[in-house]
Visitor: 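Let me give you the structure first, and then I'll get to my questions.
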Amino acid sequence: MFSNEHINFLITYTFDFRNEELLSYYISFLRAISGKLDKNTIPLLVKTQNEEVVSFPLYVEAIRFASHEESMIRTAVRALTLNVYHVGDESVNRFVAKAPHADYFSNLLTFFQKQCIYLNGMVSETLKNPDSDTTTAILNVVDEIEDNLYYISDVISAGIPEVGRLITVNILQLLIFPLLLPSLQLDVVNDIQIGAITSLYLLCCILRIVKIKDLANTIAASLFCPPEAFVPDSETKLNGHAPDHGHEIQRTENKNVIEVDGCSKKILPSLSSSSLIHPEDIISKGVSRLTLRDALLSYITAGDDLQVLSSLSMLATLLQTKELDETMLDALGILPQRKQHKKLLQQALVGEDSREDQLFSSGRNFIRDGFSCELNGYLQNLKEQYGVACSSLEVGTSPSVHRFQVLDALVSLFCRSNISPETLWDGGWLLRQLLLYSEAGFNNQHLELLRTSRTQDSYKNCTYALLEEARGNWPDLLVTVLRDEWKRCKRAMEAPSPQREPECMLLPLDKPSFDDVLPNKSSFVAGERMCKVVKVFVLLHQLQIFFLGRALPEQPPTCPPSDIPENSRARNAGLDVSGPKLGSELRLVDAVPCRIVFERGKERHFCVLAISVGASGWILLAEELPLKKHYGIIRVVAPLASSDPTIDQKHSRWVHLRIRPSTLPFLDPAKLNTHGKAKTKAPVDGRWTLAFMDDESCKSAFSMILEEIDLQSKEVEKSLKPLLNHEGAIDVLDTSHRPDDASSSTATPSNSL
């Protein structure tokens, strides 16, 4: 079938591709042919001269449509090219890797670059105007970008060395050096400049998907350069030449403006306090000495929530990139302690210098000769091959210094109160990865930092905030939520990778589900705040245990529920630990007769009874049995917590109660959508007004409710006491010295170790 040039004649025939259906058939035809290629059939479709391929119509005609607007056509072309690359014919490999056909790879990266710029515009707009539709659109673009990277990865896996080199050079020259790396510190002037968060996401994707050792190590080495090193000279084009594919980045007459495909992009040195990062302690007198690595750390210590998440994701991705040399991880200060120990052990076994002393030394004074040598090699390659010069004075610094800089940044992160619990968990995961041997990885300065009065006071504030929740709106769920979050946090800390995918950094922050539509005193808003307090406390408490060198238990140590006291209202009513049930019978020993209206014009008579059983509590409305004195049937059950009883100022026989639901909707996965938001409309707390026969009955009912609320809160505090019974713990029942900012459950605790 392939002989006599019949197939090549059909491939090169001039069809009218203005007919889209004809184009689809044509591309499907080419793809079907590529599926039959092997080392025996491919010579029938190429022309050779002196054992070199000079014509390959199937490949040449197909790549003309590589950037077609129709995704199905692009997919078919990529499948065809992969079929060609995986044949393994050396002459064909040389053909596709030399000009002019090598332009396919630069055009591929140019198309990818435009996708990245488009993604950045969508992310910028979404951060200004969050909307579920734009979030979905971002995720769709993210899927396309990752598909492109996976295709590039598949091309590399074909094992054509020259193609791998071309892809590496084009990724660096067209995307990473001119757009991504400068954006980590340069001000964004218009939409064509990639934003810092988008840049970090794209860098994470490239490192995670494109498995090229030279590319990974070059990116890592670039982090030791200042952002100004990636701005081209005013008299030259990028890297001294204009690529043949027509996409050029060059300087205009204005030395601070470069041009991308005819669009101007202004680049300003990030020297002012208006930059995304605020490293006031590093920038002085208009001269930036901040390297990109320093910028990542300054995001952690001073950036907003998304910037912190982006920086942590970048460090975590570098840490997990297998193509990255361990010496490069050591240089960045993120080499896990177990790998450091293994490296020193190997060096000690072969008798290199005095590594044995370092291996068993608590000071961890690493020799930096090998580290500096390999890093300098990559930096020299940056200068010679790409024209990127690094003048940083920190290149020769010991890796232990860089390591402690990372630890300092993470410790500072845990002291910040304006960062979401989920992001703090990501920081905790990274810290655990760096310090798998617990306290042994900290030097004396870090341990001293953890013991300072500021950090201890902050940890106590967080603990007090947790205790305030025992007297807040959801004490009956506090221990349950605490146990659930304890397991989730432990699982997240011990997981092989961070809990959130990198694309999370592109999406708007998850605001509380009902913050915008409900008043601040709503029990639902308080419930979301309670969950946040619990998450932060659990993380900091688990890190406390970790730093003290103790094993982390599977469950938080809490007191089991107490037996019902003999003289309690629950015991007098004949209830057991299972609690009240609608329609069941109970004794009305302490109940107070009242009236309530659930429907307009329909007043009903009940006996109200407040009871607490352990951490649970209820307000019961029971109908008295006419034939059985002092007994009644439970008709209505409402949570005791958050009832907030008040006596009406104008009607002294009325008691107003707030009635919240029995659970929080966002704790039930079935009631959440794919983005973790509640499917239902914003709920509103119920309101009851109970009318009593006289003032004395009203005050009696009011006192009964307050007493049971207090008993319920004390039971919850008692359950929490073993959890706080560790070294440096505070007395959970001692409220006389609580700080002012922890006096209310509405206060946001300052997070700290």
Side-chain angles (χ1 to χ4, degrees), residues 1-48 53-89 91-98 100-115 118 139-160 163 166-167 170 209-210 245-246:
M1 182 180 69
F2 289 170
S3 61
N4 299 323
E5 292 290 320
H6 294 314
I7 295 296
N8 281 341
F9 175 78
L10 288 174
I11 292 173
T12 56
Y13 186 83
T14 306
F15 294 101
D16 184 5
F17 290 130
R18 288 177 295 180
N19 185 333
E20 295 182 0
E21 187 176 1
L22 177 59
L23 177 59
S24 297
Y25 284 130
Y26 177 75
I27 294 297
S28 297
F29 170 66
L30 297 185
R31 179 177 181 177
I33 294 174
S34 72
K36 303 295 183 180
L37 294 179
D38 56 33
K39 288 189 176 182
N40 296 321
T41 58
I42 201 168
L44 301 176
L45 296 176
V46 302
K47 291 182 179 180
T48 60
V53 176
V54 295
S55 175
F56 190 4
L58 176 66
Y59 180 79
V60 173
E61 294 300 319
I63 62 176
R64 288 173 49 206
F65 302 97
S67 299
H68 195 274
E69 61 184 7
E70 177 58 47
S71 62
M72 295 298 292
I73 292 178
R74 294 198 305 269
T75 301
V77 171
R78 291 178 179 182
L80 183 151
T81 58
L82 290 176
N83 288 336
V84 171
Y85 302 149
H86 281 87
V87 169
D89 187 283
S91 59
V92 172
N93 291 348
R94 290 193 295 270
F95 176 81
V96 301
K98 67 182 180 181
H101 312 106
D103 286 348
Y104 168 68
F105 302 106
S106 57
N107 292 336
L108 177 66
L109 267 300
T110 299
F111 178 77
F112 181 73
Q113 181 196 63
K114 292 177 180 178
Q115 280 189 314
Y118 177 66
L139 294 177
N140 291 335
V141 176
V142 163
D143 288 340
E144 291 184 16
I145 285 178
E146 293 192 359
D147 284 345
N148 287 335
L149 288 175
Y150 279 113
Y151 168 67
I152 292 173
S153 178
D154 290 340
V155 172
I156 295 168
S157 68
I160 307 176
V163 170
L166 284 171
I167 290 176
N170 280 287
I209 298 174
V210 183
H245 49 75

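The figures that follow rest on heavy atoms only: side chains count, while hydrogens, waters and symmetry mates do not.
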Visitor: Given the rule in the side-chain contact (heavy atoms from CB on, under 4.5 Å) test, do F9 and Y13 qualify, once you have shown the distances and angles that lead to the verdict?
Guide: CA-CA 6 Å; F9 175 78; Y13 186 83; 4.2 Å; yes

Visitor: Taking all non-hydrogen atoms of both residues into account, name the closest pair between D38 and N40 and its distance.
Guide: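 Residues D38 and N40, closest heavy atoms: OD1-N, 2.8 Å.
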
Visitor: Would you say CZ of F29 has more than 12 non-hydrogen atoms from neighbouring residues, nucleotides or ligands within 6.0 angstrom?
Guide: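 More than 12 within 6.0 Å, yes.
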
Visitor: Do the non-hydrogen side-chain atoms of L23 and F15 ever get within less than 4.5 Å of each other?
Guide: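 No, their side chains stay 4.5 Å or more apart.
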
Visitor: F95 and V53: which non-hydrogen atoms are nearest, and at how many Å?
Guide: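 That would be CD1-O, 3.3 Å.
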
Visitor: How close do L37 and V84 get, heavy atom to heavy atom, and via which atoms?
Guide: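 Smallest heavy-atom distance, with atoms named: CD1-CG2, 3.9 Å.
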
Visitor: Give, for atom CG of D147 and atom OG1 of T75, the distance between the pair rounded to the nearest 0.5 Å.
Guide: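 Between D147 CG and T75 OG1, I get 7.5 Å after rounding to 0.5 Å.
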
Visitor: Would you mind reporting whether V96 and Y85 have side-chain heavy atoms less than 4.5 Å apart?
Guide: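 A side-chain contact under 4.5 Å exists here.
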
Visitor: Can any side-chain N or O of S67 pair as donor or acceptor with the backbone N or O of N107 at less than 3.5 Å?
Guide: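 Here the side-chain-to-backbone pair does not exist.
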
Visitor: State, to 0.1 Å, how close N83 and S34 come at their nearest heavy-atom pair, and which atoms those are.
Guide: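 Result for this residue pair: ND2-OG, 2.9 Å.
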
Visitor: Evaluate the side-chain contact (heavy atoms from CB on, under 4.5 Å) criterion for residues V92 and V87: first the C-alpha distance (whole Å), next the side-chain angles of each, then the deciding distance (0.1 Å), finally the verdict.
Guide: CA-CA 9 Å; V92 172; V87 169; over 6 Å; no

Visitor: Using only atom types and a distance under 3.5 Å, with no angle test, would you say the side chain of R74 pairs donor to acceptor with the backbone of E69?
Guide: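 Yes: the side chain of R74 pairs with the backbone of E69.
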
Visitor: Are any side-chain N or O atoms of S153 and backbone N or O atoms of I209, one a donor and one an acceptor, separated by less than 3.5 Å?
Guide: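 At least one qualifying donor-acceptor pair exists.
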
Visitor: Take atom NZ in K98; do more than 12 heavy atoms of anything else shown fall under 6.0 Å from it?
Guide: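 Yes.
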
Visitor: Could you state the interatomic distance from CD1 (I73) to CD1 (I27), rounded to the nearest 0.5 Å?
Guide: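 CD1 of I27 is found 6.0 Å from CD1 of I73.
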
Visitor: I need the D89 CG to F56 CZ distance, nearest 0.5 Å.
Guide: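 Here the interatomic distance stands at 8.5 Å.
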
Visitor: With rounding to the nearest 0.5 angstrom, report the CG to OH distance, L30 to Y25.
Guide: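 Here the interatomic distance stands at 15.0 Å.
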
Visitor: Is the side chain of Y26 donor-acceptor paired with the backbone N or O of I11 at a distance under 3.5 Å, no angle test?
Guide: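 Checked: pair present.
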
Visitor: Kindly indicate whether the side chain of N8, heavy atoms from C-beta on, has any atom under 4.5 Å from the side chain of L45.
Guide: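 The answer is yes; the side chains approach within 4.5 Å.
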
Visitor: Do T48 and V54 touch side chain to side chain, with heavy atoms closer than 4.5 Å?
Guide: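 In short, these two side chains do not touch, never coming nearer than 4.5 Å.
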
Visitor: Quick check for you: to the nearest 0.5 Å, what is the distance between Y59 atom OH and T81 atom OG1?
Guide: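 One finds 6.5 Å between OH of Y59 and OG1 of T81.
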
Visitor: Within the 3.5 Å criterion, strictly below it, is a donor on R78 or N148 matched to an acceptor on the partner's side chain?
Guide: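 On atom types as modelled, these side chains qualify, holding a pair under 3.5 Å.
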
Visitor: Decide yes or no on side-chain contact (heavy atoms from CB on, under 4.5 Å) for S106 and D103, but give the supporting numbers first.
Guide: CA-CA 5 Å; S106 57; D103 286 348; 4.0 Å; yes

Visitor: Could you grab the distance from atom OG1 of T41 to atom CD1 of I33, nearest 0.5 Å is fine?
Guide: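 One finds 10.5 Å between OG1 of T41 and CD1 of I33.
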
Visitor: Would you say the side chains of S157 and D154 form a donor-acceptor pair under 3.5 Å?
Guide: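 Judged by distance alone, the side chains do not pair up.
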
Visitor: Checking V60 against T12 for the side-chain contact (heavy atoms from CB on, under 4.5 Å) test, could you report, in this order, the C-alpha distance in whole Å, the side-chain angles of both residues, the deciding distance, and whether it holds?
Guide: CA-CA 10 Å; V60 173; T12 56; over 6 Å; no

Visitor: Quick one: closest heavy-atom pair of A97 and A102, and the distance?
Guide: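 Minimum heavy-atom contact is O-CB, 3.6 Å.
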
Visitor: Specify the closest pair of heavy atoms between N19 and E21, including all atoms of both residues, with the distance to one decimal.
Guide: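 Scanning both residues, the minimum pair turns out to be OD1-N, 3.0 Å.
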
